[in-house]
Amino acid sequence: MNRKGMFLFLLIISVCFLSGCWSKRELTDLAFISAYSLDLTEEGNYEATVQVISPGNITSGLQGGGGGSSSPPVIVYSVTGENLSDMDALITKKLSRTPYYAHTDLVVISEELAKKEGLPPILDELDRDIEFRTTTTVVIAKETKAKDLLTTLTGTDRVPATNIVKMLDTTEKALGENVRVNVHELITQVTSKGKEPVLPGFTLKGDPMQGKTVKSVQSTELEAAPEADGLAMFKEGKLIDWIEGETARGTLWTLDKIKTTIVSTSWEKEKKAIAYKVMRQKTKVSATLTKGKPKLSISTRAEGDIAEVKVPVDLTDPHVIKKIEKELEKEIKSEIEKAVQQAQKDKSDIFGFGEVVHRTDPKAWKKLEKEWDDRTFAELDVDVKVEALIRRTGLVNNSLHTTLKKEEK
Amino acid sequence: MLSFFKQKKNRSNPQQPKEEIYAHKQKKNRSDPQQPKEEIYAQKSSVMIDFSLSKNLEDIKRITGNSPDIVIRKVKIGDQAKTDAAVLFVKGLVDSRAVDEFFIESIMKSNHLQEKRTPEDLMGLITDEVIPLGQAQSMRNQEEIVDSLMAGNTLILIDGIDEVLTAGTQGGEKRAIQEPTTHISIRGSKEGFTETNETNIAMVRRIIKSPDLWVESMTIGQVTKTDVSIMYLKGVAKEDIVQEVRTRLNRIDIDGILESGYVEQLIEDQTMTPFPTIDNTERPDMVAANLLEGRIAILINGTPFVLLVPALFVGFFQTIEDYSSRVDIANGLRFLRVLAFFISLVGPALYVAATTFHQEMIPTQLVFIIAAQREAVPFPAVVEALIMELTFEILREAGLRLPKAIGSTVSIVGALVIGQAAVQAGIVSPAMVIVVSVTAIASFATPAYGMAISARLIRFAFIISAATFGFFGLILAFFLMIVHLCGLRSFGVPYMSPFAPFSPSDFKETFFRRPLWAMNERPRMAVGKNVTRQGENQKPQPPLSREMIMTDQKEGDTHES
Amino acid sequence: MSAYQLFTLILLFELGSTLVLPLASEAKQDAWLAILIAMAGGFCLFFMYYGLYHYYPDLPLTEYVQILLGSVLGKGLAFCYVLYFVYGAAAILRAFGEMLVTIAYPATPLFVINALFILVIVYMVYKGIEVIARTSEVLFVAMCLLLLSGFLLLIISGTIHLENVKPVLEEGLSPVIKTAFTGTLYFPFGQIIVFAMIFPYIKERKKVKRTGFLAIGMSGLILALVAAGNISVLGLDLASRAPFPFLASIQSIEVAGFLERLDIYFILFAMIGGFFKISIFFYAAVMGASHLFQVKHPSRLAYPMGIVVLLVSMAIASSYTEYIQEVRIMLLYVYMPFQVIIPVLLLIIAFFKNRKKVI
């Protein structure tokens, strides 16, 4: 009959059925890796650790769930090797399923590795691998093994990787001492000449051995828990210093990454007497060049509410508000200045001042480029201007302290 | 033959000259020697009726195999009841009251017939004065006479005359007008077509009372001799499409037409396509609406489903209710239907492609949940999808043909099997059940059954292509479908218009539903000369709004408080 | 074929593989500027092709070449053009297959992916220019929606950092112009010459010029926007290193916690664009060959020539790196003569020939 049609039909059918398995992966054949960590062994090799999700255990309440919290939601495997792809293959000796990195949320790099080897050798693989997403968050394990951050079980969010990433997000939004950085941003910053990266640090409070068992999450106070702690400062791909506390926040102010935060200022000799909640802020960095010598200026404008008052202050008086604003400006300014000073001391341009200069005057940048980090940046004049505005005073006009004080009289 | 033609001309219904001429043309085509004929007809096609009554009756008995439902009532008429005559009709096909009262009774009792006349005069007399029936004509060709008898007419044969008088007494049992079972609407006429062509034509005429509504009739099917009528609005329908319909219908040479689907398959532009290129409906108001847009309706005796040509892809997503409900709602529903059609096409295929090829594209939390559900399932996702889809199709097919009482049992069993037991047994994952049921519900949202069922078929092709090459395969299959759709035509009109080829004026009229007052022109695809639909300025013009100040208050305006 | 259909065809053709591959990456952060300059050059080229069409409105390129140059020389050149079209189709097919293998189907043989794709294309070309044009209209709408929503998502997700595009013209204008006139002009703008095979089928002849300019302008703008978008999202360094910068941009989208991982966008872009680009080249090749060898039913050539294109696409290079290198060479030694030099000569000859006739 229609031989041509038959032939074509057979061709298509055979293509469908013969080729079916080339790039196909069933969900049940994949080991979803939620987090990936790298340590440096004593021999100088890498130790890679993967945190594999056991799907049956994370969604309790489903049929075949294996009884909710009695078994851990993740299992951790480690392997040592000399490069990342090698280890990826080696790890299958321990895994019953193909490791699958597309849903990896978190990469943890140990402090030691970051200090000795630096980031660039690792980043190439992460960038090249087609499974690996460049939106994955990168953190540095501070004063602990990177592996321990993966093995420690967590409470609220049962998958430890998710827990850490969400924790980072929350603290970035509410406190502003840490910042979430993904592989994509990291690579951009590492390769850029006018900007050095910062990465959030995580430390483990408690006993790592205790944190491995399900028991630890069955108590109300966790035996071991990861905690966000400081920012790692890099230079030429290697970790050189940590920024902590208010200095870390100053860094974020400069990077324009603060979303909301609480700034406290002293009032009439009482320390941290007035707390101010920043609701919005905008920081601009600009450069001016005079005779080839750059000068940077940072201007911040913050808006927010009074969050807490510990001393009697008349908040209904606009003059008092103005005064408080002045105090706050001083406080924020000092935070920013501290951050700038530390960066200049470590000769690492984490704020991207170099890029600002590049954009302002490409020709001058050509000359400055070579010794930017070591000389120009370290000796840079930085001018900080802060404007803090109090918009509202919360649900109370005047503090109860004011009333109390009046009664005393 | 010449005299027959003359008489016919005299007695033909003056209101529908076209019909008659057309019927004649049809006959001419039939006697075309090139066309193969069945033997029985070849023998008697040119046989004329005889002068002898008894021979005529014998002939008719022989041709019809002496069937008992053919009643031969012999009467004597004329001067002193000397002349033999016979009345013939088929039991059940005729309106027996009409035959008894108006026919036999009037022949037997008529005073006119008592006068002395030649037999030749008798025939004219009966036609002109005796029978009080609308349709009457005389015939000489034996084949035509038998056909007319079989069509439910009553014959009078008179001895000594080589002519037969046939009178229209069609009747008998037929279904009353009921609410249509398909194309159900919330708001709109509740009338549905019946199996009888005359009734159906009358129902449309009752809606469009214009003399421009032209009907052309023909019989198709050599054995069944089914009445087929084409109906269109003169001046609104495009003349060459009407001509095209005529030629295609005339081409049909088949033994029987039992349903409009037979005609549809014989006249459609392309057979090898899952998509319907001819629309059908059970609703007179929908036919009327389509006629007003220049389409042509083909009514077939014996089925309530009327064909509408040319049909366009977008047309299958419109309902008659779109035009009676409010603009915003109608437009929203139209988008919803297209979306539902899309889901019903690719729903399971997307699931299969995403879970077996592109896990990286599923949001993290979701992929963990799906993975957890699939832990216990022993089959690959494709097999799972095919099992569920097949089960569902079987269920639907089984439920469709069962008596209503058992049908509900099937759906309960099906719901239990698909929904509960399969999941608990770990054969399918709950996510798959959700996908399949959403798909199934979506496929019910397409108003036209023909389009919905094509989506069901194509869905399987999509699942297989997605299972072999993931999104690449799926997109390729989708491209194939679009190319195929763009290559289709319905009676010369590109199937995908007004999308492709794009015509802005039609696009806003068919794809969107504009306010009724803004639809000034008919869609151009099928419309001939008369493009204007309505007068200008049809927007409702209530008295000026009071804006911010209340002025001009009349008594009774202030009931707000 | 209507003018609107020509518009959608040219637009999809221009966006074809260029949306996917890095374009004018030598011009660094001024890639968008290079594209706009090349677009202006594209206008000139189009005007030239239009001039030829104006002289011979009923004939495709491969036919009027024979009138202009005489039978023997003309046939030779027409044959070369057919080869060029086949190569064009094959090169894009290869790029497309390589992209799919790289981003989504690492374990699938390139041959199979190419074969399936060309199968669908052959099916469409087999159905004729009418169907190609109509399909382009349908998918054009899809492409527009995708582009709009893609840009919207990029903006909403806040990954666009416009300061990445600065400083403008860091190295001055010369590298930008150099990029525009050694690369971007020939790919994609010069490839419009394929439409010299399609112009005769257009009914609305008066609108051809305006439509062509509009389509080229629009596609140039979109390409420039995409190039600028890529750099502003990825940064110069990443944008110039990524083999598929647009994919990397799309992957960076993260909206509301669930609108992420939108790789499917990219695959759709690539497939819609690639589909039409290959189809048009392929159609031109089939029509050219059927005129040249006087085949009565051009559609009969579709399947055999499909196989030729498939084999050529496999044979042009052994690896992706080699392919990229080869395309660079082709750009100057094949694309430029076929798209610029020969049409200029033809136009001059046509001008003199037709002037004689008038006198």
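On a predicted model such as this, the values are computed, not experimentally measured, just so you know. In the text below, chain A, chain B and the rest are named by the order of the sequence lines, each starting its count at 1.
Residue contact with chain A, scored on non-hydrogen atoms closer than 4.5 Å, involves the backbone of C:Ile103 exclusively. Heavy atoms closer than 4.5 Å to chain C are found in both the backbone and the side chain of A:Arg359. Using a 4.5 Å cut-off between heavy atoms, A:Lys363 does not touch chain C at all. Proximity to chain A (any heavy atom under 4.5 Å) is shown, for C:Leu234, by both the backbone and the side chain.
The number of heavy-atom neighbours closer than 6.0 Å to NZ of A:Lys293, taken from other residues, nucleotides and ligands shown, is 12 or below. More than 12 heavy atoms of other residues, nucleotides or ligands sit less than 6.0 Å from atom NZ of C:Lys127. Around atom OH of A:Tyr101, more than 12 heavy atoms belonging to other residues, nucleotides or ligands sit under 6.0 Å away.
The residue among A:Thr135, A:Asn182, A:Thr188, A:Thr191 with the most heavy atom pairs within less than 4.5 Å of chain C is A:Thr191. For the set A:Glu355, A:His184, A:Lys366, A:Glu185, the entry with the most heavy-atom pairs within less than 4.5 Å of chain C is A:His184.
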